[in-house]
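To start, the structure under review is shown below, and the notes come after it.
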Amino acid sequence: PLERLMAERAALPHDPARTATLQAAIAGAPASCAVRFALGDLARSEAPSGTFDLVCCHGVLGGVITEAQAFDAALGLLAQGVAERGLLSIHDDFRPDSSEQALTRIRSQLNWSEVRPGVFRRPASS
């Protein structure tokens, strides 16, 4: 929910202290580390335009989206949004059993390196 709120508010969470901390971190970051948040709706096949160095999909694949065809379409949209050598984070603390099943499918379909459990790195183009 906080990630969604941050995307809807263009990186400004609801808590004023967190907002100040985040704004200070963004302001102090080098230009090469620009931060922007975008919101998509995988259930409606709507992904943000462009690519990102980090795409987070938490609590959705294996939890909300379980049907095979919708799952594959959602994974495809997520993968398209990850920049070359970028990261895709898939996680669901609320449904650990279905989350693990989802990760097994993702591992077999993407064939990207898994840098830590549920975090996958898109390979460089060859």
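For the residue pair Leu54 and Ser89, the shortest heavy atom distance occurs at CD1-CB, 4.4 Å. Minimum interatomic distance between Ser125 and Glu84 (heavy atoms only, all atoms of both residues): OG-OE1, 2.9 Å. Closest approach of Leu103 to Gly118, counting heavy atoms only: CD2-CA, 3.8 Å. In this structure, Ala83 and Asp53 approach most closely via the heavy-atom pair CB-OD1, 3.9 Å. Nearest heavy-atom pair, Leu110 versus Ala79, reported as atom, atom and distance to 0.1 Å: CD2-CB, 3.9 Å. Of all the heavy atoms in Leu87 and Val82, the pair that sits closest is N-CG1, 3.8 Å.
Atom CD of Glu46 has more than 12 neighbouring heavy atoms from other residues, nucleotides or ligands inside a 6.0 Å radius. The number of heavy-atom neighbours closer than 6.0 Å to CG of Asp41, taken from other residues, nucleotides and ligands shown, is above 12.
Considering CG of Leu88 and CG of Leu78, their distance stands at 5.5 Å, rounded to 0.5 Å. Between the OG1 atom in Thr51 and the CZ atom in Arg122 there is a gap of 8.5 Å [rounded to 0.5 Å].
In this structure the side chain of His91 never reaches within 4.5 angstrom of the side chain of Val119, judged on heavy atoms. Using a 4.5 Å heavy-atom cutoff, the side chains of Thr104 and Arg107 are in contact.
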